[in-house]
Student: 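Before I ask anything, let me first share the structure, which is written out below as structure tokens.
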2 protein chains.
Amino acid sequence: MEEYYPILMSTSLFRGISLQGLEELLQCFRPQVKTFHKGEILLLFGYESHDIGIILDGQADGIKNTPDGAEVLITHLGPGDIFGDVLSGSSLKSPVTILARTDCKAVFFPYQKIIHPCHSLHYSHNQLMQNLVATISEKYFALNRRVDLLILKTLRAKLCTWLLDEAARQGKDTFSITLNRAGLADYLNCERSALSRELNRMQNEGLIELYKSSFKLLDKAALANQAAH
Amino acid sequence: MEEYYPILMSTSLFRGISLQGLEELLQCFRPQVKTFHKGEILLLFGYESHDIGIILDGQADGIKNTPDGAEVLITHLGPGDIFGDVLSGSSLKSPVTILARTDCKAVFFPYQKIIHPCHSLHYSHNQLMQNLVATISEKYFALNRRVDLLILKTLRAKLCTWLLDEAARQGKDTFSITLNRAGLADYLNCERSALSRELNRMQNEGLIELYKSSFKLLDKAALANQAAH
DNA sequence: TTTCGGTTGTTGCTTAAGCAACGAACTAAG
DNA sequence: CTTAGTTCGTTGCTTAAGCAACAACCGAAA
């Protein structure tokens with residue numbers, strides 16, 4: 001287990017918790033580490049779950065089935081990524097299935113133990129609870145930002161908003177992203193071809209400069225203006 | 001304060017907490033009750049907040065300013081509605097302004113006191129923490145359902161999905177809603193005229209039956225089929 | 001009763017962007 | 001080097017739905 005401490009400590013759930021604190025918590029929670037073969041299911045659509053999972057090794061996908069049976073990719077999870085956190089706190093059924101894309105390993109923390117402070121009142125336990133709320137809250141806001149994009153009427157507005165947002169997040173006007181074109185099109189909910197078309201138009205108009213997955217904002221005022229409509 | 005106990009106890013935050021438990025918690029938290037005149041601000045866009053607010057009396061609106069300065073209505077809050085809960089848990093700035101639409105009264109609970117169990121380890125305090133996480137999680141899932149609608153490509157698909165979803169939520173195939181047409185159009189992110197047009201088409205095709213704000217699903221199989229594309 | 005604000009339905013016109021198909025560039029494996 | 005898989009750009013065609021404008025309806029207030 002020790003080999004995974006760095007991964008755990010890098011997650012938002014254990015942010016700010018010392019190594020000693022982590023060990024106390026593991027002592028207390030006794031989380032289960034499970035190994036999955038490629039194609040096995042970590043969390044099944046339509047079921048409740050009361051465990052918070054963290055991927056330790058390998059890759060997993062969050063997928064959803066459309067009414068006509070097709071599979072839609074929702075998220076991609078790697079080491080350090082957390083799943084089941086929002087679900088555990090609610091009494092709802094999982095909206096997604098988490099599927100092992102490669103052989104992988106995950107650790108499961110029982111939600112009830114996390115949310116109930118134990119007698120010893122570890123300082124780190126309290127930090128963990130705050131982190132849990134913060135983790136869920138941040139997921140909410142991330143989703144909220146996406147909704148703000150999705151409700152914009154034109155692709156141009158979506159792109160302007162997204163570019164400004166991303167620049168603000170990264171703290172610079174020249175930045176690159178990990179998403180590829182198809183991924184960005186998915187996120188913005190548009191056609192990949194339309195995305196290419198619009199990005200080129202914007203480059204021609206002198207609003208931005210493109211190079212592969214790098215973006216440079218040339219005229220933020222105009223971008224802000226066009227983000228509105 | 002006693003007069004507002006029923007409102008507090010009806011909220012998701014105090015769900016399952018006894019009157020005695022509520023009084024203990026109030027004793028412990030000493031939340032502030034504030035009165036606002038119409039037009040005053042309960043929570044300002046762009047600022048952090050570390051209080052969880054509950055409307056006790058009157059009406060307030062959650063609004064957002066678009067880049068070009070226009071005001072967009074996000075939510076409408078009445079007695080028993082909670083705000084600032086997701087925000088408090090994060091270290092982010094508020095994405096909305098909460099504005100008193102009428103004279104109103106709200107109570108503010110300090111987040112830090114809620115998230116830190118105190119020495120006395122009230123049973124109800126623990127319930128409250130669970131409720132807080134549940135409240136935030138449910139807001140997340142509500143948003144998630146909306147995203148699922150927004151990413152559908154056609155209005156027909158959005159409507160089919162929404163109708164099936166709403167019927168499932170209300171547990172019957174004939175139901176009515178509180179939203180008016182404009183509100184529903186906003187939620188689905190489409191034009192009100194297009195919404196009317198499409199609903200009528202669907203009625204003509206024998207998929208549904210309409211009467212004002214009542215909907216009757218006639219052919220759920222066809223609806224499910226068309227929800228996909 | 002009349003009037004008025006608010007909510008719906010309706011309908012042409014216009015357009016942003018979906019769709020489909022193909023070609024170019026790049027990478028990795030054989 | 002060859003081949004095969006992936007990603008990205010490009011471009012006509014087509015259409016869903018946005019936009020604007022008006023008419024019908026309804027309930028509340030005057």
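All chains are named by letter (A, B, ...) in the order of the sequence lines, taking the proteins before the strands, and each is independently numbered beginning at 1. Values reported hereafter were calculated over all heavy atoms of this structure, with side chains retained and with hydrogens, waters and symmetry mates removed. Fair warning: this is a prediction, and the values are worked out from it, not measured in the lab.
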Student: Nearest-nucleotide wise, let me know which of B:Leu199 and A:Arg201 is further upstream toward the 5' end of DNA chain C.
Tutor: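 Of the two residues, B:Leu199 wins.
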Student: Measure from CG on B:Leu184 to C1' on C:dT7 and round the result to the nearest Å.
Tutor: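 Checked: the CG to C1' distance equals 14 Å.
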Student: So if I take residues 190-197 of chain A and measure heavy-atom distances to DNA chain C, which residues fall below 4.0 Å?
Tutor: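 The stretch gives A:Cys190, A:Glu191, A:Ser193, A:Ala194, A:Arg197 as the residues lying under 4.0 Å from the strand, ordered by number.
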Student: A:Leu155 has an atom CG; how far is it from atom P of C:dG18, in whole Å?
Tutor: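 That distance rounds to 7 Å.
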Student: Give the rounded distance in Å between these two atoms: OH of A:Tyr211 and C1' of C:dC26.
Tutor: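 After rounding, the gap between these two atoms is 11 Å.
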Student: Answer yes or no: is there an ion pair linking A:Arg145 with A:Asp165, defined by an N-O contact shorter than 4.0 Å?
Tutor: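 Judged by the 4.0 Å cut-off on N to carboxylate O distance, A:Arg145 and A:Asp165 do form a salt bridge.
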Student: Would you mind reading off the distance between B:Lys153 atom NZ and D:dG18 atom P, rounded to a whole angstrom?
Tutor: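 Rounded to whole Å, this separation is 15 Å.
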Student: Determine, for B:Glu205 against B:Arg156, whether the closest basic-nitrogen to carboxylate-oxygen distance falls under 4.0 angstrom.
Tutor: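 Yes.
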Student: Can you tell me how far P of C:dA17 sits from CG of A:Asn200, to the nearest Å?
Tutor: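 Interatomic distance, CG of A:Asn200 to P of C:dA17: 15 Å.
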Student: Would you find more than 12 non-hydrogen atoms of other residues, nucleotides or ligands less than 6.0 Å from A:Tyr5 atom OH?
Tutor: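 Correct, the count exceeds 12.
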Student: Does OH belonging to B:Tyr187 count more than 12 external heavy atoms closer than 6.0 Å?
Tutor: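 Above 12, so yes.
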Student: Can you measure from OG1 (A:Thr75) to CG (A:Asp61) and round to the nearest 0.5 angstrom?
Tutor: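 Rounded to the nearest 0.5 Å, the OG1-CG separation comes out at 7.5 Å.
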Student: Determine, for B:Lys216 against B:Asp173, whether the closest basic-nitrogen to carboxylate-oxygen distance falls under 4.0 angstrom.
Tutor: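 A salt bridge is absent here (no side-chain N lies under 4.0 Å from a carboxylate O).
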Student: Rounding to a whole Å, what distance do you find between A:Leu210:CG and C:dA25:P?
Tutor: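 Taking atom P of C:dA25 as the reference, CG of A:Leu210 is at 18 Å.
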Student: Provide a list of protein-nucleic acid N or O atom pairs under 3.5 angstrom, restricted to nucleotides 27-29 of chain C.
Tutor:
none

Student: Do A:Thr97 and A:Ser94 come close enough that some side-chain heavy atom pair is under 4.5 Å?
Tutor: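 No. Closest side-chain heavy atoms not under 4.5 Å.
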Student: Taking the cut-offs as 6.0 angstrom to the six-membered ring centre and 45 degrees off its axis, would you call B:Lys105 and B:Phe36 a cation-pi pair?
Tutor: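 No, B:Lys105 does not lie over the aromatic ring of B:Phe36.
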Student: Evaluate the ring planes of A:Phe109 and A:Phe14, with Trp represented by its six-membered ring, and classify them as parallel (under 30°), tilted (30 to 60°) or perpendicular (over 60°).
Tutor: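 Ring orientation of A:Phe109 relative to A:Phe14: tilted.
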Student: Identify, residue by residue, the members of residues 173-182 of chain A with a heavy atom below 4.0 Å from DNA chain C, and return them in order of residue number, or none.
Tutor: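 Heavy-atom contacts with DNA chain C come from no residue of residues 173-182 of chain A; none.
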Student: Does the ring center of A:Phe141 lie less than 6.0 Å from the ring center of B:Tyr140?
Tutor: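 They do not qualify: ring centres at least 6.0 Å apart.
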Student: Do B:Val33 and B:Leu56 have side-chain heavy atoms sitting under 4.5 Å apart?
Tutor: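 Result yes, sub-4.5 Å side-chain heavy-atom pair found.
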Student: Rounding to an integer number of Å, can you tell me how far B:Leu150 CG sits from D:dA17 P?
Tutor: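 After rounding, the reported distance stands at 14 Å.
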Student: Quickly work out the B:Asp186 CG to C:dT7 P distance and round it to whole Å.
Tutor: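 The distance from CG of B:Asp186 to P of C:dT7 comes to 12 Å, rounded to the nearest Å.
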